[in-house]
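These notes concern the structure reproduced below.
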Amino acid sequence: MDFLQGMNPQQREAVAHLEGPLLLLAGAGSGKTRVITHRIAHLVETHQVPGPCILAVTFTNKAADEMRQRVHSLLGGDRGRSSPLVSTFHSFCVRLLRRDGAKLADIRPGFTRNFTIYDDDDQVALLKSIYRELGLDDKFLAYRAACSWISHNKSQRIGPQDVYKSAQDPKASRMAVIYDRYEQRLRLANSLDFDDLLLESVRLLRHDTDLRAQYNRRFEFVMIDEYQDTNRTQYDLIRLLSDSHKNIVVVGDEDQSIYGWRGADIRNILDFERDYPNAAVIRLEQNYRSTKNILEAASAVVANNKERKGKWLWTEAGTGDRIGIYEAADAENEALFIADNIDKLMRDFPGQRVAVLYRTNFQSRQIEEALRRYNRQYIVVGGFSFYQRAEVKDLLAYLKVLLSPSDSISLLRIINNPARGIGKSSIEQIEQFALKNELSLWSAIVRLLDEGAFPARAESALRAFRNMLEDLMAAVPKQTIDETLRQILERSGYQKMLASVETPESESRIGNLMELVNAATEAAERGESATEFLDHAALVADSDSLDEQAGISLLTMHNAKGLEFPFVFIAGLEEGLFPHSRSLDSAAQMEEERRLCYVGMTRAEKKLFLTHAKFRRKFFGSPPERCIPSRFLKEVPRALVQSLGVQSRNTNVDLFSEQREVRETVKKNLYTGKTYDSVENINQFFAERGGPAPVARPPQVVQQPQRPAAAAAPMQARKKKPFGAGSLVSHPKYGRGTVLRREGEGDDAKLTVSFPGYGLKKLIEKFAGIREE
DNA sequence: TGATTCTACGGTCTC
DNA sequence: CGTAGAATCA
């Protein structure tokens with residue numbers, strides 16, 4: 001197959017590029033992914049480069065999955081040939097450190113390849129603990145703010161000492177102390193945060209020259225996607241990986257750099273030519289996605305930025321509709337306008353996807369409510385993901401502790417959860433002792449118990465806790481992951497705790513936990529270790545679970561990067577919201593907001609709507625505030641605008657009663673409308689991660705055991721009865737769903753069923769009128 | 001000690 | 001409105 005066929009001249013040149021550095025400036029919708037995948041296939045087929053010698057790095061798992069699939073199908077699905085490594089930065093680094101990280105112990109005392117990963121919740125928990133230690137509270141500096149401050153310093157290579165030395169006031173030096181403690185505690189717990197994964201990989205490759213040489217030999221060709229969003233650490237990593245051969249292709253678009261707040265350094269792309277003097281540069285400027293009007297409008301907006309290389313995308317597509325701009329009286333009306341137009345669009349263009357984009361997640365709420373009015377199903381991308389749910393994190397924390405007892409933050413999370421008589425004072429005692437002796441909490445508990453230092457009640461509680469953990473630890477090597485998880489649920493009393501309260505909430509929690517066990521079963525079947533399972537849980541992002549087949553998607557503009565939709569609405573174009581208030585006083589941040597606007601606008605293929613409200617309330621109860629239309633609206637050339645005047649009053653319905661009704665449903669039912677974390681999606685998600693050919697198979701949901709003794713019973717001992725847990729059913733009103741749980745016998749049986757788009761429903765079998773799917 | 005209620009306060013984007 | 005931490009009661 002000729003991989004150069006059907007390409008325009010610039011694309012062809014990029015695909016054919018063989019050796020040496022290349023900067024590929026690929027505008028929005030210019031066929032970037034196609035070029036990358038074709039280049040990989042071209043290297044393999046035409047130049048006989050062995051697959052494993054090629055490394056392609058992307059930013060999200062989703063992008064990596066997609067790329068892997070596309071390369072695979074380009075290469076004719078030849079399974080015999082080993083494929084290139086397509087990975088995210090973070091998973092690449094985890095892999096590096098787990099496999100070849102032993103030598104890192106030389107420069108990071110206490111490090112073992114058994115390390116645990118701290119996500120942002122863990123980071124916050126750690127900071128809380130440090131605040132407590134230093135006698136501070138979050139009025140000093142909000143935990144999250146402290147978190148991002150530390151992260152920022154870390155990725156810039158500014159250590160606690162540097163901060164301390166340059167501190168001008170007591171607050172700054174105190175922050176240096178917090179930062180210092182934070183780093184120490186991470187080391188003590190043998191844990192790495194997200195920044196560390198990258199940083200320590202860089203340090204390892206610098207330190208271990210043999211390893212570096214080995215990786216240079218192994219990955220002869222390196223490609224980096226979304227290069228404009230790399231930070232300094234990632235930049236260093238890239239350099240180290242392409243150190244000896246310089247066969248490095250970076251693909252990016254400075255106009256789409258939207259992660260500056262996360263440390264992305266736009267200079268990486270602007271300075272590439274300086275850093276690699278002989279770099280070839282190719283520009284892809286033909287857009288294949290949007291109409292001429294959309295493209296011109298977006299280009300006109302971003303042209304107001306100063307810090308850019310400057311390019312002008314063109315298209316052969318037709319002019320298309322003008323950009324619809326709508327001014328709503330308030331946010332409710334804005335949401336209704338959007339829902340109403342979506343409703344019309346979906347009737348006029350069945351099967352076409354629509355996206356509603358916004359700056360901040362909280363904006364989704366009103367749009368959701370309006371869409372429900374129209375009985376339209378939608379998917380919210382982002383927000384709370386499966387792995388962020390408290391019960392899921394709890395169970396994973398148990399697993400983390402079993403694998404790495406020095407992980408004190410996870411230990412803290414589970415030590416009295418469920419309540420087992422280890423109270424505040426005992427925990428304080430343990431923490432103090434650990435602090436004084438530079439021990440992990442686990443070692444502190446063991447030591448204190450051996451010394452008999454606890455009061456009698458605490459002593460017995462802690463002894464029981466220790467015994468339980470030790471038993472579980474001993475069993476881990478002999479079990480599969482799912483067995484371990486089941487053991488934890490049983491022995492810790494967690495399952496009992498949830499089962500003892502019969503609220504819909506605890507029901508759904510049990511459902512989530514069973515789902516996690518399920519995922520573990522599948523991971524075990526794929527031969528994954530418990531550590532790999534945890535790594536996966538730590539590194540998945542919300543946007544990874546995005547279902548592109550969904551008719552209506554609600555998502556932030558950040559989440560929308562790399563996606564395209566025939567119809568796009570961007571809501572809330574108001575000064576202070578978009579551009580966001582925190583960006584108003586910095587020119588650089590304002591430019592990033594504008595790039596974000598550009599990213600949002602260029603997602604649209606056929607028709608783009610921009611909406612804003614005259615009044616909006618900041619949060620519930622506060623009075624609506626007058627809003628100034630966003631400056632970005634004025635930057636769209638008037639000739640391209642179609643003003644969608646104030647819609648007649650008849651859409652002015654009573655949203656308040658509507659909201660109340662919706663809120664009631666939400667209360668009863670955790671899942672309403674949030675199909676992204678329905679059982680089906682989660683299952684599909686895991687199925688897809690299994691291999692190149694996703695198989696849609698019915699979820700295997702473990703039935704809630706009647707007695708603890710049944711907990712260890714194998715899954716295949718499922719009831720043969722119709723509508724048992726795991727069977728697919730269809731309901732006259734809710735459509736297809738999956739039975740999660742069955743209680744009782746015969747016709748009186750109560751079923752808990754998860755319906756995508758409607759959530760968990762409890763039904764009596766004989767009344768429900770459900771049938772087998 | 002643990003469960004429940006009360007109160008104060010606050011919010012960008014997220015690998 | 002949510003949430004976190006304090007206060008209160010069993």
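Proteins get letters first, then strands, A, B, ... in listed order; numbering begins at 1 in each. All values below come from the heavy atoms of this structure, side chains included, with hydrogens, waters and symmetry mates left out.
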Atom CG of A:Leu577 and atom C1' of B:dG11: how far apart are they, to the nearest Å? 12 Å
Does OP1 or OP2 of B:dT1 have a side-chain N or O of A:Asn416 closer than 4.0 Å? no
Please answer whether the main-chain N or O of A:Asp196 pairs with a side-chain N or O of A:Asp193 as donor and acceptor at a distance below 3.5 Å. yes
When you get a sec, tell me which of C:dG2, B:dC15, B:dG2 is the closest nucleotide to the side chain of A:Ala419? B:dG2
Does a side chain donor of either A:Asn417 or A:Tyr494 reach within less than 3.5 Å of an acceptor in the other side chain? no
Is there a side-chain polar atom (N or O) of A:Asn559 under 4.0 Å from OP1 or OP2 of B:dC13? no
Would you say A:Ser630 and A:Glu574 are linked by a side-chain donor-acceptor pair, where the criterion is simply a distance under 3.5 Å? no
Starting at atom CZ of A:Arg132, determine the distance to atom C1' of C:dA6, rounded to an integer number of angstrom. 15 Å
Nearest whole angstrom, please: distance from the C1' of B:dC13 to the CD of A:Glu593. 9 Å
Euclidean distance, atom CZ of residue A:Phe194 to atom C1' of B:dT14 [Å, nearest integer]: 9 Å
Do A:Thr116 and A:Ser191 get their side chains close enough for a donor-acceptor pair, meaning under 3.5 Å? yes
Is A:Arg98 paired with A:Glu532 through a side-chain N to carboxylate O contact shorter than 4.0 Å? no
Regarding A:Thr230, tell me which of base, sugar-phosphate or nothing describes its non-hydrogen contacts under 4.0 Å with the strands shown. nothing
Output the single nucleotide from B:dG11, B:dC15, B:dT1 whose closest atom is nearest the side chain of A:Ser425. B:dT1
At 4.0 Å (heavy atoms only), tell me whether A:Arg144 reaches a base, stays on the sugar-phosphate, or touches nothing. nothing
On DNA chain B, does the nearest nucleotide to A:Gln123 precede the nearest nucleotide to A:Phe362 from the 5' side, or the other way round? Give the residue. A:Phe362
Give a yes/no verdict on base stacking between B:dC13 and A:Trp261: centres under 5.5 Å, planes within less than 30° of parallel. yes
Please give, in whole Å, the distance from B:dC15 C1' to A:Phe89 CZ? 11 Å
Could you check whether A:Lys128 gets within reach of a base, just the sugar-phosphate, or nothing at all, counting any heavy atom under 4.0 Å? sugar-phosphate
Tell me whether the side-chain N/O atoms of A:Thr360 come closer than 4.0 Å to OP1 or OP2 in B:dG11. no
Can you find a side chain N or O atom of A:Ser151 that sits less than 4.0 Å from OP1 or OP2 on B:dC15? no
Any idea which of B:dC13, B:dC15, B:dG11 is nearest the A:Thr556 side chain? B:dC13
Under a 3.5 Å distance rule, please check whether A:Tyr182 uses its side chain to pair with a backbone N or O of A:Ile130 as donor and acceptor. no
Taking B:dT1, B:dC13, C:dG5 as options, the one with an atom nearest any side-chain atom of A:Tyr143 is C:dG5
What is the distance, to the nearest angstrom, from the NZ atom on A:Lys139 to the C1' atom on C:dA4? 11 Å
Rounding to an integer number of Å, can you tell me how far A:Arg457 CZ sits from B:dG2 C1'? 10 Å
B:dT14 phosphate, OP1 or OP2, under 4.0 Å from A:Asn361 side-chain N/O: yes
Please give, in whole Å, the distance from B:dT14 C1' to A:Ile258 CD1? 10 Å
Under 4.0 Å, heavy atoms only, any strand: does A:Leu596 hit a base, just the sugar-phosphate, or nothing? nothing
Under 4.0 Å between a side-chain N/O of A:Arg365 and OP1 or OP2 of C:dG2, yes or no? yes
